[in-house]
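The structure under discussion appears below in the form of C-alpha cells.
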Amino acid sequence: MEKYYFNLMQFFEGYVRNYRKLNLSKLHNRSMFTKREIDYFANLGEMLGFDAFIEDSKFDKSKGRSRPMDLSWWKWDARIDEENFLYLALHLEIEFIFNKDVETIEKLFSDTEESYIPHNVIGIQYIESADRIDYLNDLILQKNMFQQSNCLMIYRLL
C-alpha cells in the first residue's frame, strides 16, 4: 500500500501557534500537559477526517505483547472496506520522563504487524541536554529504515 505522508512541519507550526490555547501554566502537573496535548492532536485528527483513539494499542513482536500508543489516527472509508481501517495514519507519543527517551522511540518504531505500521509518527519528549539529540536522531534513522514513516520529533529541553 502506498503511504500517505503529511507535511508534519505544518502540524508543528500549528502546534506552536496554538500552544497558548491549551491554557497550561507552571501550576499544572505533567498529566495535565500530556492530556491537553493529546487532546489537541486528537481533535486535529478528527477535523482532518480520521478516527482518533487515545491509549490505542499495537502488538510489539520484540516484546511479545501489545503496547499502548498515546494517540493513533486511523483512516476508514466504507467505500473501500466496510469492516477494516485502511491504514494507521499517525502514531503519537508524549514523554516527560528523561530516561524514557529511547523507550519512546522504540514504541514509535516497534516491530509490529504490517497493518499497524504508521505512515506518520510524532514524538514529543523532554530531554536533559541538547547533546542527547544527535544520539536520539541517529536511533530514529536506524529504527525507521524498515518502517519508513514520516517522522517529527519535538524535543523539549528543560
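Along the sequence shown, residues are numbered consecutively beginning with 1. Since this is a predicted model, take the numbers as computed values, not measurements.
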Practice item. Calculate, to the nearest 0.5 Å, the distance between atoms CG and CG belonging to Asp101 and Leu139 respectively. Key: 8.5 Å
Point to revise | Flag, side chain of Asn144 to backbone of Ile140, donor-acceptor distance under 3.5 Å | key: no
Point to revise | Flag, side chain of Gln148 to backbone of Met145, donor-acceptor distance under 3.5 Å | key: yes
Exercise for review: Flag the pair Arg65 and Asp60 as a salt bridge only when some basic side-chain nitrogen lies within less than 4.0 angstrom of an acidic carboxylate oxygen.
Suggested key: no
Revision key, fill the gap. One should read off an interatomic distance between Leu24 CG and Lys35 NZ, to the nearest 0.5 angstrom, of 10.5 Å
Review point. Can you check side-chain contact (heavy atoms from CB on, under 4.5 Å) on Tyr116 and Asp56, steps first, answer last?
Key: CA-CA 11 Å; Tyr116 284 88; Asp56 197 359; 5.7 Å; no
Point to revise | Flag for His91-Lys107: side-chain donor and acceptor within less than 3.5 Å | key: no
Practice item. Would you please indicate if the ring centroids of Tyr19 and Tyr15 are separated by under 6.0 Å? Key: yes
Check your understanding: For Ile122 and Phe41, what are the C-alpha separation, side-chain angles and deciding distance, and is it a side-chain contact (heavy atoms from CB on, under 4.5 Å)?
Key -> CA-CA 10 Å; Ile122 297 176; Phe41 282 101; 4.0 Å; yes
Exercise for review: Determine yes or no for a side-chain-to-main-chain donor-acceptor pair under 3.5 angstrom, with Arg67 supplying the side chain and Ser57 the backbone.
Suggested key: no
**Study point:** Heavy-atom neighbours of Glu55 CD exceed 12 at 6.0 Å
**Key:** yes
Practice item. Determine, using ring centers only, whether Tyr87 and Tyr4 are less than 6.0 Å apart. Key: yes
Check your understanding: How would you list all residue pairs meeting ring-ring contact (aromatic ring centres under 6.0 Å, His included) that involve residues 133-158, not counting sequence neighbours?
Key -> none
Practice item. Could you go through the side-chain contact (heavy atoms from CB on, under 4.5 Å) check for Trp73 and Asp51 one step at a time? Key: CA-CA 5 Å; Trp73 293 355; Asp51 289 308; over 6 Å; no
Review point. Any link between Ile54 and Leu88 through a network of hydrophobic side chains (Ile, Leu, Val, Met, Phe, Trp, Tyr) touching at under 4.5 Å?
Key: no
Exercise for review: Count the heavy atoms belonging to other residues, nucleotides or ligands that lie under 6.0 Å from NZ of Lys61, then report whether that count exceeds 12.
Suggested key: yes
Check your understanding: Got a donor-acceptor contact below 3.5 angstrom from the Glu93 side chain to the Asp70 backbone?
Key -> yes
Review point. Between the side chains of Asp81 and Asn84, does any donor sit under 3.5 Å from an acceptor?
Key: yes
Review point. For Phe85 and Trp74, which heavy atoms make the closest approach, and how far apart are they?
Key: CD2-CB, 3.4 Å
Point to revise | Pairwise distance CD1(Ile38) to CD1(Ile94) - rounded to 0.5 angstrom | key: 4.5 Å
Review point. Any chance the side chains of Ser115 and Glu113 put a donor and an acceptor closer than 3.5 Å?
Key: no
Review point. Can you list the steps and then say if Ser149 with Lys3 is a side-chain contact (heavy atoms from CB on, under 4.5 Å)?
Key: CA-CA 8 Å; Ser149 295; Lys3 288 195 175 185; 4.3 Å; yes
Review point. Does the gap between the ring centers of Phe50 and Phe6 come in under 6.0 Å?
Key: yes
Practice item. Work out which heavy atom in Leu71 is nearest to a heavy atom in Ala52; give both atom names and the distance. Key: CD1-CB, 4.2 Å
Check your understanding: How many angstroms lie between CD1 in Ile80 and NZ in Lys75, if you round to the nearest 0.5 Å?
Key -> 8.0 Å
Review point. Is a side-chain donor or acceptor of Asn120 paired with a backbone partner of Leu90 at a separation under 3.5 angstrom?
Key: no
Practice item. Give a yes or no answer on whether the side chain of Gln147 reaches the backbone of His119 with a donor-acceptor pair at less than 3.5 Å. Key: no
Review point. Do Arg156 and Glu37 meet the salt-bridge criterion of a basic N to acidic O distance under 4.0 Å?
Key: yes
Check your understanding: Can you get from Phe96 to Ile133 by hopping between Ile, Leu, Val, Met, Phe, Trp and Tyr side chains that sit under 4.5 Å apart?
Key -> no
